[in-house]
2 protein chains.
Amino acid sequence: MKGMDERLLNGLYTDRYELTMALAYWREGRAEEPAVFDTFFRKAPLDGGFAVFAGLGSLLEALEAFRYSDDDLAFLEKDGFPVDFLEYLASFRFRGALLAPPEGEVVFPLETVVRVEGGLLEAQILETMVLNVLNFQTLIATKAARCRRSAGERALSEFGLRRAQGLGGLWASRAACIGGCDTTSNMAAARRWNLAAAGTMAHSFIQSYDDELTAFRRFAAAHGDATVLLLDTYDTLRSGLPNAIRVAREMGECGQSLKAVRLDSGDLAYLARKVREGLDEAGLEKVGIFASNQLDEYVIQSLLRQDAPIDAFGIGTSLATGQPDAALDGVYKLSEAGGKVRMKTSETVAKATFPGRKAVTRYYDSDGMMLADAIHLTDEEPPDRMCHPYEPHSSLSLAGRENRPLLTEVVSDGRPVIDPVSVADAAKYAREAIGTLPAEHQRLENPHIYKVGLSPRLRDLRDDWLQQNRKAMES
Amino acid sequence: MKGMDERLLNGLYTDRYELTMALAYWREGRAEEPAVFDTFFRKAPLDGGFAVFAGLGSLLEALEAFRYSDDDLAFLEKDGFPVDFLEYLASFRFRGALLAPPEGEVVFPLETVVRVEGGLLEAQILETMVLNVLNFQTLIATKAARCRRSAGERALSEFGLRRAQGLGGLWASRAACIGGCDTTSNMAAARRWNLAAAGTMAHSFIQSYDDELTAFRRFAAAHGDATVLLLDTYDTLRSGLPNAIRVAREMGECGQSLKAVRLDSGDLAYLARKVREGLDEAGLEKVGIFASNQLDEYVIQSLLRQDAPIDAFGIGTSLATGQPDAALDGVYKLSEAGGKVRMKTSETVAKATFPGRKAVTRYYDSDGMMLADAIHLTDEEPPDRMCHPYEPHSSLSLAGRENRPLLTEVVSDGRPVIDPVSVADAAKYAREAIGTLPAEHQRLENPHIYKVGLSPRLRDLRDDWLQQNRKAMES
């Protein structure tokens with residue numbers, strides 16, 4: 001049972017250009033030249049102020065599987081790669097280090113989220129896989145955290161597999177449960193990561209009977225106290241509700257209880273109120289109301305601001321696909337090679353990368369709430385003052401603040417050095433971490449920007465490089 | 001080597017509610033009651049006028065693998081399903097029929113795209129998987145077709161794996177190559193479906209050297225005539241271009257040719273023109289220009305309207321994730337059960353489904369161009385006149401038009417009855433099918449709506465049902 005998806009995970013989980021670069025490095029004997037890469041993103045997803053780091057567990061499994069079988073090598077030979085290079089790849093495995101936050105950590109734009117250290121070839125070749133796993137799962141965990149913020153303590157279920165991006169739906173459910181969902185409808189994901197599975201009934205079940213009342217009765221007969229009845233196949237208030245009340249009473253006569261009813265169309269605020277009234281009048285105060293149909297963090301917020309008496313939400317497409325973004329623009333950039341600092345310069349300072357081997361230190365205020373993150377070089381102490389990354393005259397004192405490193409080593413000499421993290425652990429970590437993020441950074445729209453800065457030394461190193469490059473271009 | 005992803009594909013590739021419904025059907029002895037389900041979508045993706053049907057090959061593989069192993073059953077038992085039902089699932093396999101268009105076919109809103117016929121339980125339980133595969137691959141193939149329309153005959157490569165939705169990236173590349181891409185950067189997908197793989201170099205390769213010229217030389221030494229050089233690591237026109245010209249000349253002295261240069265930032269129209277001039281002045285007319293960086297069908301259209309001298313495009317995130325939609329809202333609806341017509345009614349006629357076992361016939365004009373599609377009952381001949389689905393007084397004569405059925409049987413008695421279709425075959429089919437779709441339906445924005453109508457008998461059946469339901473609700 002180890003891994004339902006490991007057959008996808010091998011050394012071909014990459015873009016072709018990683019291999020063309022690898023070949024060139026190998027030809028020149030540069031494969032093992034020490035190198036450092038940073039993964040980071042430039043803008044928080046979904047117009048928000050933060051992201052929930054997810055995918056680390058999947059990445060460690062993919063890393064373990066990143067090898068080349070004889071079949072893989074035969075394909076690469078057919079694709080034009082020379083045989084002597086393929087002999088090298090036959091024994092390839094990553095032997096370097098990965099540093100990362102715990103899965104579920106709150107992270108921000110510009111800061112290094114994962115640092116990869118190793119030989120130039122092995123560290124380069126992982127790029128596509130690292131980004132593919134982390135970009136997607138971080139996007140979905142962040143979306144789920146936003147939905148959780150809107151839903152408060154109400155139950156939240158991820159329902160999106162049917163419109164998820166194919167096999168991507170498997171990881172969507174994993175990440176949604178890290179970011180804030182209680183359950184998922186996705187059975188493959190539930191088995192794979194020990195998630196709680198949830199599900200009710202479809203309209204087709206009701207349509208398959210000659211009348212709705214019979215359908216409700218038969219479903220209740222099969223499911224007893226777990227029964228949730230869908231009300232809107234014909235008409236929510238004129239048919240679904242009275243039939244559900246009748247079945248709930250019949251169940252009561254047999255010592256059973258209807259668990260909930262589900263609303264899946266129409267004006268959910270209005271219908272929830274009417275259905276609640278109807279249920280309460282029938283003495284069915286304990287029957288819950290479950291709502292679905294194109295929900296997202298904004299719709300949930302609106303429903304609850306209208307005091308809609310909804311106990312649980314099912315969120316499908318927008319969560320499983322991370323709409324409206326659909327992708328997180330994380331990048332993977334070289335910051336050191338051959339013992340030298342490296343940097344991508346650019347015509348605009350905002351598109352340049354930060355050079356050198358970098359750590360991130362998180363600072364807290366006296367109430368234990370997150371205050372700021374400083375990016376600095378690994379060979380300097382966490383700074384007492386940090387500089388704005390792009391505003392030359394703006395800085396922030398960090399003196400005397402509690403702090404801790406954001407990244408710790410998770411892979412060393414190519415092997416995981418942390419225990420496998422369960423989705424439940426990561427979800428708990430996320431909940432607690434989000435609890436230390438001040439509310440103004442959590443707003444759905446126009447959040448207060450969390451401060452991420454540079455140590456003075458890193459800032460100077462970056463500026464010197466930019467200036468040198470400018471001179472070189474002008475000469 | 002059969003299937004890299006089959007470990008994902010099994011009977012748990014489903015939402016939990018399919019199984020709760022299945023349990024209820026099985027308890028009542030209704031599992032084998034004959035049923036018919038339709039898959040269709042209500043709105044063309046990406047604000048366009050058509051969709052390219054993709055995913056059939058993947059669906060047939062997933063269908064073959066849709067079984068329950070002992071591990072799967074142990075999970076379901078832990079999840080609360082009763083042992084006698086699990087004994088039934090142990091020998092479950094789909095024994096019904098699937099009808100579908102060829103992969104690569106052009107399809108439209110409202111019409112049945114896949115018809116599933118079988119026992120009520122087996123046909124219901126496939127819902128999630130059918131939708132997951134077809135919704136995603138059809139979205140991506142349609143996006144690729146739109147990019148192809150903008151790019152004309154220029155080379156088009158799919159580059160999106162790093163920001164694709166996790167494992168979904170595998171199918172994204174497959175579908176992109178069906179819809180119109182020539183190549184993909186995704187090595188796993190290239191091996192799996194025999195796609196042409198393409199790739200150049202990243203900025204990190206150049207940064208890893210002390211200077212750009214050395215990096216270009218070393219890459220050219222490793223790749224010879226396949227060399228593509230990335231120009232924008234430091235400065236496209238002041239550094240990248242002169243260095244590339246120098247290396248191209250050095251290659252020429254050794255009897256080699258630089259294949260192309262790549263532009264990945266800045267104003268691509270301006271830079272392409274400047275780079276073309278520079279290359280031409282250096283006698284390097286044959287060196288191609290490859291452009292990437294947040295491209296989509298609109299940017300490509302704009303670049304070519306400005307006569308940007310670009311020979312090839314690499315399209316990443318927007319293609320691999322189907323932005324801006326990110327999902328196609330295909331649904332799976334019951335239309336017949338137990339020998340009776342079934343229909344989801346609704347307060348609005350546009351949200352009701354079409355009842356009964358339905359076929360789709362496509363009609364052509366005298367030039368062999370697509371004219372209209374009629375949805376009708378399987379027990380009637382293709383109609384000579386079709387009705388607008390929602391406008392009571394609008395109809396279209398189809399008398400004397402060439403026509404053919406859109407759907408044919410692809411699975412019978414649970415087994416595929418068509419030969420496996422390669423991506424190359426599906427891509428060829430798509431290209432030819434799109435060639436018969438009049439240009440006004442292919443416009444990127446505000447396309448002319450292709451006519452999809454109902455046979456008079458189907459329209460009357462639908463209207464009678466709606467009226468009966470209305471009466472029942474009012475009584």
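Atoms considered below: every heavy atom in the structure, side chains included; atoms not considered: hydrogens, waters and symmetry mates. By convention in this document, chain letters (A, B, ...) are assigned in the order of the sequence lines, proteins followed by strands, and residues within each chain are numbered from 1.
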Worksheet item: With only heavy atoms counted, which part of Gln124(A) is less than 4.5 Å from chain B, the side chain, the backbone, both or neither?
Response: side chain

Fill in: Which atoms of Leu161(A) approach chain B - backbone, side chain, both or neither, heavy atom under 4.5 Å
both

Worksheet item: Under the side chain to side chain contact (heavy atoms under 4.5 Å, CB included) test, which residues partner Ala197(A), sequence neighbours left out?
Response: Met187(A), Ala190(A), Arg16(B), Asp79(B)

Worksheet item: So which part of Leu19(A) gets closer than 4.5 Å to some heavy atom of chain B, the side chain, the backbone, both or neither?
Response: side chain

Worksheet item: Using the ring of each side chain (for Trp, its six-membered ring), is Tyr25(B) parallel, tilted or perpendicular to Tyr209(A), with breaks at 30° and 60°?
Response: parallel

Response to the item:
The interface call for Leu134(A) against chain B, heavy-atom contacts under 4.5 Å, is neither

Worksheet entry | Charged N-O contact under 4.0 Å between Arg162(B) and Glu18(A) | yes

Response to the item:
Cut-off 4.5 Å, heavy atoms of chain B, and the answer for Asn135(A) is side chain

Discussion item. How about CD on Gln468(B), more than 12 heavy atoms from neighbouring residues, nucleotides or ligands closer than 6.0 Å, or not?
Written reply: yes

Item to complete: Pick out which of Asn132(A), Leu9(A), Val133(A) makes a side-chain contact (heavy atoms from CB on, under 4.5 Å) with Ser58(A).
Response: Val133(A)

Item to complete: With a 4.5 angstrom heavy-atom cut-off, could you sort out which part of Thr20(A) is near chain B: side chain, backbone, both or neither?
Response: both

Practice prompt. Identify which part of Ala326(A) has an atom lying under 4.5 Å from any heavy atom of chain B, answering side chain, backbone, both or neither.
Written response: both

Fill in: Which portion of Met343(A) sits near chain B, non-hydrogen atoms under 4.5 angstrom
backbone

